[in-house]
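The next block holds one structure in the form of structure tokens; read it before the comments.
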There are 2 protein chains.
Amino acid sequence: MASSLPKKKRDKTMQRIFNAAQKTFADKGFDGARMDEIARLAKVNKATIYYHIGDKRTLYERILNEIFSGIADSLLQNDDPVSPAEERLRTFIRMLAGLIDRNADLAAIMLREQASGAKDFPETLAQDFARIIGLITEILDDGVKTGIFKQTTPVIVHLMAIGTMVFTKMSSPIRSKLAGHVAAFDNIGNRLENEVAAEIEDLILGAVRK
Amino acid sequence: MASSLPKKKRDKTMQRIFNAAQKTFADKGFDGARMDEIARLAKVNKATIYYHIGDKRTLYERILNEIFSGIADSLLQNDDPVSPAEERLRTFIRMLAGLIDRNADLAAIMLREQASGAKDFPETLAQDFARIIGLITEILDDGVKTGIFKQTTPVIVHLMAIGTMVFTKMSSPIRSKLAGHVAAFDNIGNRLENEVAAEIEDLILGAVRK
DNA sequence: AAAAAGTTTAACCAGTTGGTTAAACTAACC
DNA sequence: GGTTAGTTTAACCAACTGGTTAAACTTTTT
């Protein structure tokens with residue numbers, strides 16, 4: 001495709017670097033990731049990364065920002081504040097499941113960030129988190145007011161939703177190995193969508209519903 | 001305390017190394033952890049680690065084994081197969097919450113292992129996992145038979161329980177920072193036990209109850 | 001008490017890795 | 001066409017890090 005847009009070459013190079021970095025950080029974590037490998041994956045000289053973006057930590061934070069602002073945008077754009085709270089919560093969970101399922105890197109990076117306890121948590125990230133928590137708080141409050149949800153702590157419900165999905169998504173290889181050990185083991189495969197996502201959705205709805 | 005037991009010095013040294021290693025791996029991850037730091041924390045010469053245990057990966061796998069076999073033992077020992085399924089599930093969740101709350105390193109290490117997708121997952125670990133999944137499967141089946149639980153996929157319920165607790169535990173610093181951003185933000189602090197653990201317990205019970 | 005077995009230590013090292021640099025190359029501008 | 005600004009590259013390097021070694025030290029055994 002002959003440069004579909006008159007976009008600057010700079011942007012294309014940057015995008016290749018970001019893609020490579022996201023995959024590498026997801027697979028190996030910040031400390032395990034090698035700048036040489038990111039460069040190789042991006043088909044770019046290592047010095048080009050330093051020229052365009054900066055050092056390893058800066059590159060990593062850019063990736064984090066891209067990911068979490070993307071999630072927050074998705075969730076907020078797809079929320080319809082006038083529909084019933086149950087529908088809104090289902091949409092919220094379904095969107096999240098879709099994002100995680102379409103991009104396993106998200107799950108890995110979220111887990112690692114959570115494990116690091118948000119040491120050196122950049123301010124911009126906090127704002128995206130706040131947007132997400134704000135939304136689910138609003139949805140749950142809505143449900144409580146209309147009498148269909150019981151009183152819960154929104155953060156916990158949110159952590160339940162995201163924790164369940166991320167763990168389910170990433171545990172796929174472990175579950176495959178386990179299939180040989182537990183007799184009645186129900187292997188649910190790698191996919192989060194469809195039946196599995198639907199079950200998670202139902203479980204969480206069951207948890208908050210009055 | 002003047003050597004409370006005639007235990008060999010070896011065991012004491014080993015224990016110091018394991019403690020230091022667990023903390024370091026939890027804080028920094030496998031790649032981020034430095035053997036020199038583990039040695040310093042354990043107040044032992046680095047070579048002593050290699051003499052008693054072996055290389056970094058071996059040390060790490062020992063820690064993993066200690067942690068997960070401990071969890072599996074705790075859960076199985078505290079299960080009372082003749083009590084009602086709801087009680088058994090509550091005990092299961094409460095035990096897990098207690099373990100995670102008493103030792104934050106568990107949560108961090110679990111998250112990182114999950115993020116790595118169980119690459120080079122040692123066989124012994126698989127057996128402990130199998131024991132845990134076997135137990136919760138039995139409990140949930142029990143509840144389905146006695147008509148109090150709906151039909152669910154045990155692995156998913158288990159991942160929901162563990163995911164929720166681990167995420168809640170480790171998100172404490174993020175939540176503190178967030179408290180400044182979201183107006184109606186409900187900061188639940190660092191503790192998992194008491195109210196928060198009780199709420200998680202109720203949420204999960206609500207999710208699986210008919 | 002001396003020999004043997006077990007444990008600790010300081011010093012060392014080779015391979016790796018994040019980051020730099022100066023020169024070459026390319027696109028834009030006059 | 002030539003000059004300038006922007007971009008890419010190969011080669012390089014200093015700091016770090018997992019792991020080793022040989023010698024010293026301690027405990028157990030005979």
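As the structure is a computational prediction, the values presented were derived from the model and not from experiment. Numbers restart at 1 for each chain; the letters A, B, ... are given by sequence-line order, proteins then strands.
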If you check every side-chain atom of [X], which of [options] has the closest atom?
X: B/R34; options: C/dG18, D/dG18, D/dT8; result: D/dG18
X: A/Y51; options: D/dG18, D/dT8, C/dG19; result: D/dT8
X: A/T13; options: C/dT17, C/dT8, D/dT8; result: D/dT8
X: A/A47; options: C/dT8, D/dG18, D/dT9; result: D/dT9
X: A/Y50; options: D/dT8, D/dG18, C/dG18; result: C/dG18

Apply the side chain to side chain contact (heavy atoms under 4.5 Å, CB included) test between B/R88 and each candidate in B/N78, B/L140, B/L135, B/I93; give the one that qualifies. B/L135

Distance below 4.0 Å between A/H52 side-chain N/O and D/dT8 OP1 or OP2: yes

Treating A/R112 as the side-chain partner and A/D27 as the backbone partner, does any N or O pair qualify as donor plus acceptor under 3.5 Å? yes

Test item: B/R16 side-chain N/O and B/K43 main-chain N/O as donor-acceptor pair under 3.5 Å: yes

Whole-Å gap separating [atom2] ([N]) and [atom1] ([X]):
X: B/D31; N: D/dC16; atom1: CG; atom2: P; answer: 18 Å
X: A/I49; N: D/dT7; atom1: CD1; atom2: P; answer: 15 Å
X: B/M35; N: C/dC12; atom1: CE; atom2: P; answer: 21 Å
X: B/I38; N: D/dG18; atom1: CD1; atom2: P; answer: 8 Å
X: A/F25; N: C/dG18; atom1: CZ; atom2: P; answer: 9 Å
X: B/K28; N: D/dT17; atom1: NZ; atom2: C1'; answer: 14 Å
X: B/R40; N: C/dT9; atom1: CZ; atom2: P; answer: 15 Å
X: A/F30; N: C/dT17; atom1: CZ; atom2: P; answer: 14 Å

By the 4.0 Å heavy-atom rule, please label B/N45 as base, sugar-phosphate, or nothing. base

For A/A39, which contact category applies under a 4.0 Å heavy-atom criterion: base, sugar-phosphate, or nothing? nothing

Do the ring planes of A/F25 and A/F30 sit parallel (below 30°), tilted (30 to 60°) or perpendicular (above 60°)? parallel

Quiz question: going by heavy-atom distance under 3.5 Å, is there a donor-acceptor pair between the base of C/dG18 and the side chain of A/K46? yes

What's the shortest heavy-atom distance between A/I38 and A/A20, and which atoms? O-CB, 3.5 Å

